[in-house]
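Here the structure comes first, spelled out in C-alpha cells, and everything after it is commentary.
The shown structure was predicted, so the numbers you read here are calculated from the model rather than taken from an experiment. These numbers come from the heavy atoms of this one structure, side chains and all, not from hydrogens, waters or symmetry mates. We name chains A, B, ... by the order of the sequence lines, and we start the count at 1 in each one.
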Protein chains: 2
Amino acid sequence: MRKNTLGSLIWLRIARFTHQSNLLSNDFLKQYGITAAQFDVLNQISTYQPITQNQLAIKATVSEGGISRMLTRLEQEGYIQRKQDWKTKWISLTSKGEDKMLEVFEHQLTFQTSIVNESLTEEEQKTLYTLMTKLQKSTENKIEN
Amino acid sequence: MRKNTLGSLIWLRIARFTHQSNLLSNDFLKQYGITAAQFDVLNQISTYQPITQNQLAIKATVSEGGISRMLTRLEQEGYIQRKQDWKTKWISLTSKGEDKMLEVFEHQLTFQTSIVNESLTEEEQKTLYTLMTKLQKSTENKIEN
DNA sequence: CATTTTCATTTTACTAATCAAGTGATGACT
DNA sequence: AGTCATCACTTGATTAGTAAAATGAAAATG
C-alpha cells in the first residue's frame, strides 16, 4: 500500500502551485505579448545589465544552452542586444526592451502579490517566506555539490 | 526603483525550489531510466488505473495534448497500455510498468522526504504544508474560472 | 436515415528546458 | 612558431509543455 510522507505532500503542493501559477502568469502576460519565462529573463537583464550570458544563466537558473536560445528569441523580438567584446557577449535591454519592462513590471508584480494576498495573511506570508527560503537554500546547496 | 513585495518574493522562492528540485529529481531518477515527469504520470496511473486520458490529464495537471504525447512515449517504452473502449482509451500499467513503480516508488519517496527533513523540523513541515495548501487551492480555483 | 453535435483523443506549431558535443578565438606551454 | 587547453557561446537531439485546429466515431436531432 502506498503511504505518502509529509515531505512528499509538501513537494506535491509546491509542484502544483508552480504549474498552475505559471499558467495564470502566461495567461496574464499574453496581453503584453510576452511569456512568463521571457518576463523573468528580461527582469534579470533589467536588474543586472550589462551582464554576460554565463552570469545571466546562473541568475535565471537556466542552463547555458537554454539562455542562448532564449536570448536568440528575445533578440529577434528586438528586446535585447548582445555586444561581443573579446569572447564575451554582454547583454542589455534595447529601448524597446526597457519600455516593455516599464509597461509590464508593475502589473506583473501586482498580479503575483494579489494572488498571495488573497489566500494568506501578512503573518502567514512571513512564515511561508521563511520556510520556503530555508527549503530552497538547502536545495541550492545540493545542486552545487 | 524596483521594489519587490513579500508576495513576489515568495513566488520567486517557490519557483526556484521547484526548478532546482526538479533537476535533482531527474538526476536521481536517471539511474532507473525514467524522468521526473514520467514518474509523476506513472504514479498517477498506478494510483487510479484504469483511468481515461482525460481524467489522467487533470490528475497530472497537464494539458490533453501533453498527456497524449507523454503516453505515446510511455507506451513505446512498454510501461503502459491503452485499451480502446468506445471512444475512450483506458490507461493502465503493464507488468513492466508495475515492476518499475515497485522498484522506484519507495526510493523516490525517500529522496523527496529526506530533502525536506534535512531543512525543516516536523513542526515547520506541518506549517508549510498548511500554508502551501491554502495557496495552491486558491490558485486552483482561479484556473477553473 | 441523413445530418449535425458532441466528445475523447491526436496533431500541429510553438516555446522552453536539459545534456552533451561542437565552434572558434585567446592565450599558454614546450 | 606550432600545438594544446580553455572559455564563452551555439547547436543537435530529446523531453515536455501549451493552445488551438483536426479527426473520427457515437449519439442525438429532425
Side-chain angles (χ1 to χ4, degrees), chain A residues 15-16 18-42 44 50-77 79-91 143, chain B residues 15-16 18-42 44 50-77 79-91 143:
Chain A
R16 294 243 144 137
T18 303
H19 180 250
Q20 290 167 337
S21 67
N22 229 323
L23 287 181
L24 290 174
S25 263
N26 272 314
D27 193 47
F28 175 73
L29 289 173
K30 196 180 254 173
Q31 63 188 301
Y32 302 106
I34 59 172
T35 66
Q38 289 172 342
F39 175 82
D40 287 341
V41 171
L42 288 175
Q44 294 294 335
I51 184 174
T52 66
Q53 291 198 186
N54 225 326
Q55 296 173 307
L56 185 55
I58 295 165
K59 291 283 180 199
T61 53
V62 155
S63 69
E64 277 291 296
I67 208 71
S68 177
R69 281 184 218 287
M70 183 89 233
L71 290 175
T72 302
R73 278 188 294 266
L74 289 173
E75 195 175 31
Q76 271 164 5
E77 300 275 333
Y79 292 131
I80 62 131
Q81 62 199 40
R82 303 200 243 198
K83 279 214 179 105
Q84 185 107 29
D85 172 41
W86 300 89
K87 56 189 157 189
T88 304
K89 287 191 177 174
W90 292 92
I91 313 300
I143 297 264
Chain B
R16 294 242 145 138
T18 303
H19 180 250
Q20 290 168 338
S21 67
N22 229 323
L23 287 182
L24 290 175
S25 263
N26 272 315
D27 193 47
F28 176 72
L29 288 173
K30 196 179 256 173
Q31 63 187 303
Y32 302 106
I34 60 172
T35 66
Q38 289 173 339
F39 175 83
D40 287 340
V41 170
L42 289 175
Q44 295 294 335
I51 185 171
T52 67
Q53 291 198 186
N54 224 327
Q55 296 174 307
L56 185 55
I58 294 164
K59 291 283 181 199
T61 54
V62 155
S63 69
E64 277 291 299
I67 209 73
S68 180
R69 277 187 215 293
M70 182 93 235
L71 290 176
T72 302
R73 276 189 292 268
L74 289 173
E75 196 175 29
Q76 274 165 2
E77 301 273 334
Y79 293 131
I80 62 133
Q81 61 201 41
R82 305 199 241 199
K83 278 213 179 105
Q84 185 106 30
D85 172 40
W86 301 90
K87 57 187 157 189
T88 304
K89 287 192 175 173
W90 292 92
I91 313 300
I143 296 263

Can you find a side chain N or O atom of [X] that sits less than 4.0 Å from OP1 or OP2 on [N]?
X     : N      : answer
A:R73 : C:dA16 : yes
A:K30 : D:dT18 : no
A:S63 : C:dT18 : yes
A:Q55 : D:dA8  : no
A:R69 : C:dC19 : no

Between A:T18 and the options B:T61, B:T18, B:N22, the side chain to side chain donor-acceptor pair (under 3.5 Å) test singles out B:T18
Measure from [atom1] on [X] to [atom2] on [N] and round the result to the nearest Å.
X     : N      : atom1 : atom2 : result
B:K89 : D:dG24 : NZ    : P     : 12 Å
B:L56 : D:dG17 : CG    : C1'   : 15 Å
B:N22 : D:dG17 : CG    : P     : 9 Å
B:L71 : C:dT9  : CG    : P     : 9 Å
A:Q76 : D:dT10 : CD    : C1'   : 14 Å
B:I58 : C:dA8  : CD1   : P     : 10 Å
B:I34 : D:dT14 : CD1   : C1'   : 17 Å
A:L74 : C:dT15 : CG    : P     : 11 Å

Quick one: label [X] by what it contacts on the DNA or RNA (base, sugar-phosphate, nothing), any heavy atom closer than 4.0 Å.
X     : answer
B:T35 : sugar-phosphate
A:T88 : sugar-phosphate
A:E64 : base

Of A:L74, A:L71, A:T88, the residue whose pairing with A:R82 passes side-chain contact (heavy atoms from CB on, under 4.5 Å): A:L71
By nearest-heavy-atom nucleotide on DNA chain C, the more 5' of B:H19 and A:E77 is A:E77
Nearest nucleotide by nearest heavy atom, which residue falls closer to the 5' end of DNA chain D, A:L23 or A:S68? A:S68
Report the nucleotide, chosen from [options], that has the shortest atom-to-atom distance to any side-chain atom of [X].
X     : options                : value
A:R82 : D:dA16, C:dA17, D:dT10 : D:dT10
A:A37 : C:dA17, D:dA8, D:dA20  : C:dA17
B:N54 : C:dT9, C:dA16, D:dG12  : C:dT9

Tightest non-hydrogen contact, residues A:I67 and A:A60, listed as CD1-CB, 4.5 Å
B:N26 side-chain N/O to B:T35 backbone N/O, donor-acceptor pair under 3.5 Å: no
Is it true that the side chains of A:T72 and A:E75 contain a donor and an acceptor less than 3.5 Å apart? no
Minimum side-chain heavy-atom gap B:K83-B:K89 below 4.5 Å: no
